[in-house]
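One structure is given below, encoded as structure tokens.
Bear in mind the structure is a predicted one, so any value in this text is a computation, not a measurement. Proteins get letters first, then strands, A, B, ... in listed order; numbering begins at 1 in each.
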Amino acid sequence: MSSGPRTLYDKLWEAHLVETRPDGTSLLYIDRHLVHEVTSPQAFEGLRLAERPLRRPEAILAVIDHNISTQNRTDGSFEETSRLQVEALVENVQAFQVPYIPLLDDRQGIVHVIGPEQGFTLPGSTVVCGDSHTSTHGAFGALAFGIGTSEVEHVFATQTLPQRHSKNMRVRFEGTLPEGLGAKDLALFLIGQIGTAGGTGHVIEFAGSAVGALSMEGRMTLCNMSIEAGARAGLVAPDETTFAYVAGRPMAPAGPHWEQALANWRSLPTDEGATFDQDYTFDVSGLAPQVTWGTNPEAVVDITGRVPDPGAAADPAKQEAMRLALDYMGLQPGTPMEEVPVQVVFIGSCTNGRIEDLRAAAQVARGRKVAPGVRALVVPGSGLVKRQAEAEGLDRVFLEAGFEWRLPGCSMCLGMNDDRVGPGERSASTSNRNFEGRQGRGARTHLVSPAMAAAAAVTGHFTDVRRLLEVR
Amino acid sequence: MKPFTTLTGVAAPLLRANIDTDLLIPKQFLKTIVRTGLGRHLFFELRYDDQGQERPDFVLNRPEYRQTVILLGGPNFGCGSSREHAPWALLDFGIRCVIAPSFADIFYNNCFANGILPITLPLAAVEDLATEGSLTVDLPTQTVSGGGRSYRFDLEPARKTTLLEGLDAIGVSLASLPAIEAYEAKRAKATPWL
Ligand code: SF4
């Protein structure tokens, strides 16, 4: 393989290469496999039908997150079809001896929240899951990507995946993010710049001083959204922030292995002089909070901006797409974003359901009230996040302000349970997708940061959160 | 997996950009534990109205497109969720080939795992082919043709072989078991914490 300066991605790739076949495909070794109830039943069934053993059960961590009620955890709370999937997972993890976090366990939560929490996600590893937001784990300097169910079965049976080397992209965010802004604003801003297919065929390494300054939570938010830019994966080079987060986690290396691992992890960052196929640099010191107006994450504007006018777009296909989106969203071109009212606020998901996200939202909610006519939900990403938030009194802040405080799960991010946005209702959501129907049939989703979601909740419309923070 | 060599039949145009997998099949149909029977839910939101009645103007509901086997789509086709239910629904409907200017990565992989051929062609070519009601796809020569036009498409040799021979990808990887075991032995020494 290459002997010159290498990128972080190249190093991860080479360290996991089992073999390169004559036809040019590479077999990549998979260290960690997260499993949830929606994309795994057919994969377990495939193993059974082919009478193949599961190669390394200990490389797996399974949890239920997509289907479950966030209001109560008794069996009666499942819809019949959800129950079927939940039961299938429980049966499968028993039959195949797969490590599993039970539904009533405090560690239960969204796959992409619990992996890092448990120290299951580690720098320098390969992580897969039958879920596109597996890109989240790249925040640790792990090569992490989403796969389909056939590939889940492939990893079950072989602990490998045939892969093609992606191109290297670097995105540098330089400067200091203004008060009131966070990683979500960086992610939305980037997708607005390069588009939902801007990262296709690439692995994006996030770098620059504004990324170095992010906490692990922030880095996870950023890498989580790299799939919305079409990228194969997102990455942040591991550093002291990473090591401090990983140290002491239940499944993290300990004792002599810790020192050995650290030495290995310190060798991972991109070498000086390594080249990228695409390289972007953005100064984010003057960035404004971001909010989407359309039906994909690239349809984004500054909160100080207006709903765009399709007539201003250059090409007719683009104009038509914008018109369709505005029609679905029920928006008039030229409307100031701050005048757009919301009926639903959702704070949670694998993008923004971590403790820091809840802190940012609580800071805005504290001492204020949810506006009349607004339904606002806070759904912690895991039981441990919930416990931590409660220890800090954040649940009281939310409840006193009139938010609902729920049990962990995917919830209104995709509404596979009973948390849905109604037809024609408008939501300010901290999740990652504003696709048509994503949060419920006819639901109108605007993606924002947790602080911006809280600001929308307490004012009843999209609001520049920087103003609410100044008032204090 | 069923091998793919040639395919001739109805080609339906749905040229909007960013057709995401939520649009291909919405979440309420992901609760199944089998791979079959999803065709009737394909493009559910576009295909049916609030009462569950077919929308007559949606392309797959029009009489001439009911037997669609090839779908023509816009750029970034299959973006979003990794749900393999999307290709399962296409397949169950009878669609074995999608032609678009670009595909999202996970969806693209999922197609090959299910014997569906995703063809990448420039937008102008897709638009041109969309004016033809019926097309022929020939995988060995890597061409799509219809109404006197013909376009050649690129495809990685390994992907082509997978489809032509209907290969079981897991079986192929298991043939590399000695290499996998050798890697695991090396790994146990180099990164014992993993
Ligand atoms: S929170 Fe949303 S995006 Fe994340 S895993 Fe759950 S459904 Fe997927």
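Taking CZ from B:Arg16 and CD from A:Glu320, the interatomic distance works out to 10.0 Å, rounded to the nearest 0.5 Å. Rounded to the nearest 0.5 angstrom, B:Tyr48 OH and A:Arg441 CZ are separated by 10.5 Å. Interatomic distance, B:Asp168 CG to A:Ser150 OG, rounded to the nearest 0.5 Å: 10.0 Å. In this structure, A:Ile227 CD1 and B:Ser82 OG are separated by 8.5 Å, a value rounded to the nearest 0.5 Å. B:Glu45 CD to A:Phe435 CZ: the interatomic distance, rounded to the nearest 0.5 Å, is 14.0 Å.
Under the 4.0 Å criterion applied to side-chain N and carboxylate O atoms, A:Arg438 and B:Asp20 are not assigned as salt-bridge partners.
When heavy atoms are compared at a cutoff of 4.5 Å, B:Ala17 does not approach chain A at all. When heavy atoms are compared at a cutoff of 4.5 Å, B:Ala190 approaches chain A solely by way of its backbone atoms N, CA, C and O. Contacts between A:Ser82 and chain B at a heavy-atom distance below 4.5 Å involve backbone atoms as well as side-chain atoms. Using a 4.5 Å cut-off between heavy atoms, B:Tyr108 makes no contact with chain A at all. Both the backbone and the side chain of B:Arg35 come within contact range of chain A, each with at least one heavy atom under 4.5 Å from a heavy atom of that chain. Heavy atoms of B:Ala104 lying under 4.5 Å from chain A are absent altogether. Looking at A:Ala157, both its backbone and its side chain come within 4.5 Å of chain B, counting heavy atoms on both sides. With a 4.5 angstrom heavy-atom cutoff, A:Thr158 touches chain B via backbone and side-chain atoms both. For chain B, the nearby parts of A:Thr196 are the backbone and the side chain; heavy atoms of each come within less than 4.5 Å. Residue A:Gln163 does not touch chain B at all, counting heavy-atom pairs closer than 4.5 Å. Neither the backbone nor the side chain of A:Ala317 comes within contact range of chain B; no heavy atoms are under 4.5 Å apart. Contacts of B:Pro157 with chain A are absent, with no heavy-atom separation under 4.5 Å from either backbone or side chain.
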Apply side chain to side chain contact (heavy atoms under 4.5 Å, CB included) to B:Gln28 and A:Arg420, showing your working.
CA-CA 12 Å; B:Gln28 62 267 38; A:Arg420 281 177 211 139; over 6 Å; no
Given A:Glu151 and B:Asn110, is the side chain to side chain contact (heavy atoms under 4.5 Å, CB included) satisfied, shown in steps?
CA-CA 8 Å; A:Glu151 291 172 309; B:Asn110 283 343; 4.1 Å; yes
Given the rule in the side chain to side chain contact (heavy atoms under 4.5 Å, CB included) test, do A:Ile147 and B:Asn109 qualify, once you have shown the distances and angles that lead to the verdict?
CA-CA 8 Å; A:Ile147 56 178; B:Asn109 285 336; over 6 Å; no
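Looking at B:Tyr183 and A:Glu19, their side chains never bring a donor and an acceptor atom within 3.5 Å of each other.
The shortest distance between side-chain heavy atoms of B:Ser173 and A:Arg21 falls below 4.5 Å. You'll find the side chain of A:Arg32 reaches within 4.5 Å of the side chain of B:Leu194, heavy atoms only. Contact check for B:Arg159 versus A:Arg164: side-chain heavy atoms found under the 4.5 Å cut-off. A 4.5 Å side-chain heavy-atom check between B:Ile170 and A:Glu153 finds at least one atom pair inside the cut-off. With a 4.5 Å cut-off on side-chain heavy atoms, B:Trp88 and A:Thr149 count as touching. Residues B:Lys27 and A:Cys413 are not in side-chain contact: their nearest non-hydrogen atoms beyond the backbone lie 4.5 Å or more apart. Side-chain contact between B:Glu84 and A:Gln42: absent, with no pair of heavy atoms (C-beta onward) separated by less than 4.5 Å. Contact annotation: the side chain of A:Asn296 never approaches that of B:Asn76 to less than 4.5 Å [non-hydrogen atoms, C-beta and beyond].
When every heavy atom of B:Trp193 is checked against every heavy atom of A:Pro253, the shortest pair comes out as CB-CB, 3.5 Å. Contact between A:Gly148 and B:Ile106 at its shortest, heavy atoms only, is N-CG2, 4.1 Å.
With chain A as the partner, the residue from B:Thr161, B:Asp50, B:Leu177 showing the most heavy-atom pairs under 4.5 Å is B:Asp50. Taking chain A as the reference chain and counting heavy-atom pairs below 4.5 Å, the highest number among B:Gly171, B:Pro87, B:Pro75, B:Ser176 is found for B:Ser176. Among B:Leu30, B:Leu23, B:Thr191, the residue making the largest number of heavy-atom pairs under 4.5 Å with chain A is B:Leu30. For the set A:Ser132, A:Cys129, A:Gly24, the count of heavy-atom pairs under 4.5 angstrom toward chain B peaks at A:Ser132. Chain B forms more heavy-atom pairs under 4.5 Å with one residue of A:Thr200, A:Thr39, A:Asp131 than with any other, namely A:Asp131. Per-residue heavy-atom pair counts under 4.5 Å with chain B were compared for A:Glu228, A:Glu37, A:Arg52, A:His66, and the maximum is reached by A:Arg52. Comparing A:His133, A:Glu436, A:Glu45, A:Gln260 by heavy-atom pairs within less than 4.5 Å of chain B, the highest count is held by A:Gln260. Contact tally against chain B (heavy-atom pairs below 4.5 Å) for A:Pro423, A:Gly415, A:Gly230: the top residue is A:Gly415. Comparing A:Ala197, A:Gly130, A:Ser125, A:Gly195 by heavy-atom pairs within less than 4.5 Å of chain B, the highest count is held by A:Ala197. Among the candidates B:Leu123, B:Asn114, B:Leu15, B:Val172, the residue making the largest number of heavy-atom pairs closer than 4.5 Å to chain A is B:Val172. Ranked by heavy-atom pairs under 4.5 Å with chain A, the first of B:Ser102, B:Ser81, B:Ala86 is B:Ser81.
Around atom CD of B:Glu64, more than 12 heavy atoms belonging to other residues, nucleotides or ligands sit under 6.0 Å away. Within 6.0 Å of atom CG in B:Asp154, 12 or fewer heavy atoms from other residues, nucleotides or ligands are found, so the atom counts as exposed in its surroundings. Around the NZ atom of B:Lys160, the shell of radius 6.0 Å holds more than 12 heavy atoms that belong to other residues, nucleotides or ligands. Heavy-atom contacts from other residues, nucleotides or ligands closer than 6.0 Å to CZ of B:Arg55 number more than 12.
With B:Lys31 contributing its side chain and A:Asn67 its backbone, the two residues share no donor-acceptor pair below 3.5 Å. In terms of modelled atom types and a separation under 3.5 Å, the side chain of A:Gln85 and the main chain of B:Thr32 share a donor-acceptor contact.
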